[in-house]
Amino acid sequence: MTLLSQAFQFRSAYGLTKENSPGSLQLSLIKEEYNEFFQEVSNPGASNADVLKELGDLVFVCYQCAAVMGWDLDEAMNRILASNMSKLDDNGKPIRNEDGKIM
């Protein structure tokens with residue numbers, strides 16, 4: 001099951017309706033989960049499990065936002081990977097500019 005299909009399954013099970021835009025609820029959930037993730041990842045005493053849980057929550061709400069918008073976030077991620085992998089030279093090494101940024 002893809003992450004997007006999980007998002008739709010969750011929305012269906014909880015009776016959540018599709019909105020026309022990622023309204024304030026979706027945006028506030030992303031902001032809240034980002035803040036919780038950042039707090040955990042910045043905490044030297046946080047366990048890997050706690051940080052991973054917060055990262056997963058952040059990904060989950062991003063997929064919920066995509067589901068609300070009718071966007072295929074799985075496809076977007078596939079395209080991003082393909083684009084990133086195209087930035088390798090013939091020897092499989094990253095192509096970098098003069099500042100060291102991967103092109």
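Under a hydrophobic-cluster definition in which Ile, Leu, Val, Met, Phe, Trp and Tyr are linked whenever side-chain heavy atoms come within less than 4.5 Å, directly or via other members, L88 and L81 are assigned to the same cluster. Cluster annotation: M103 and M85 are assigned to distinct hydrophobic clusters (Ile/Leu/Val/Met/Phe/Trp/Tyr, side-chain heavy-atom contacts under 4.5 Å, transitive). Both M77 and V59 are assigned to one and the same hydrophobic cluster, defined by single-linkage of ILVMFWY side chains at heavy-atom distances under 4.5 Å.
For F10 and Y63, the distance between ring centers is not under 6.0 angstrom.
Residues A66 and L4 approach most closely at CB-CD1, 4.5 Å, considering heavy atoms. Shortest non-hydrogen contact noted between V51 and E40 is CG2-O, 3.7 Å. In plain terms, the two heavy atoms of Q64 and A7 that are nearest each other are NE2-CA, 3.2 Å. Across every non-hydrogen atom of D89 and N91, the tightest pair is OD1-N, 2.8 Å.
For the atom pair SG (C62) and CG (D57), the distance works out to 11.0 Å, reported to the nearest 0.5 Å. Atom-to-atom distance recorded for R11:CZ and L16:CG is 4.5 Å, nearest 0.5 angstrom. Taking CZ from F38 and CG from N43, the interatomic distance works out to 11.5 Å, rounded to the nearest 0.5 Å. The distance from atom CG of L58 to atom OH of Y34, rounded to the nearest 0.5 Å, is 9.0 Å. Taken to the nearest 0.5 Å, the OG1 atom of T2 stands 9.0 Å off from the CZ atom of F8. For the atom pair D74 CG and S5 OG, the distance stands at 7.0 Å (nearest 0.5 Å).
Of the possible polar contacts, none joining the S83 side chain to the I80 backbone as a donor-acceptor pair under 3.5 Å is found. Under the 3.5 Å distance criterion, the side-chain polar atoms of S28 are matched with a main-chain donor or acceptor of L25. With D99 contributing its side chain and K101 its backbone, the two residues share no donor-acceptor pair below 3.5 Å.
Atom CD of E32 sits in a crowded spot, with more than 12 heavy atoms from other residues, nucleotides or ligands closer than 6.0 Å. For D90, the CG atom counts as loosely surrounded, since its 6.0 Å shell holds 12 or fewer non-hydrogen atoms of other residues, nucleotides or ligands. By the neighbour-count criterion of 12 heavy atoms within 6.0 Å, atom CD of E75 is densely surrounded, having more than that number from other residues, nucleotides or ligands. Counting non-hydrogen atoms of other residues, nucleotides and ligands closer than 6.0 Å to CG of N48 gives a total of 12 or fewer. Atom NZ of K87 has more than 12 neighbouring heavy atoms from other residues, nucleotides or ligands inside a 6.0 Å radius.
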(message) M69 vs Q26, test: side chain to side chain contact (heavy atoms under 4.5 Å, CB included). Steps then yes/no.
(response) CA-CA 10 Å; M69 294 300 296; Q26 292 300 317; over 6 Å; no

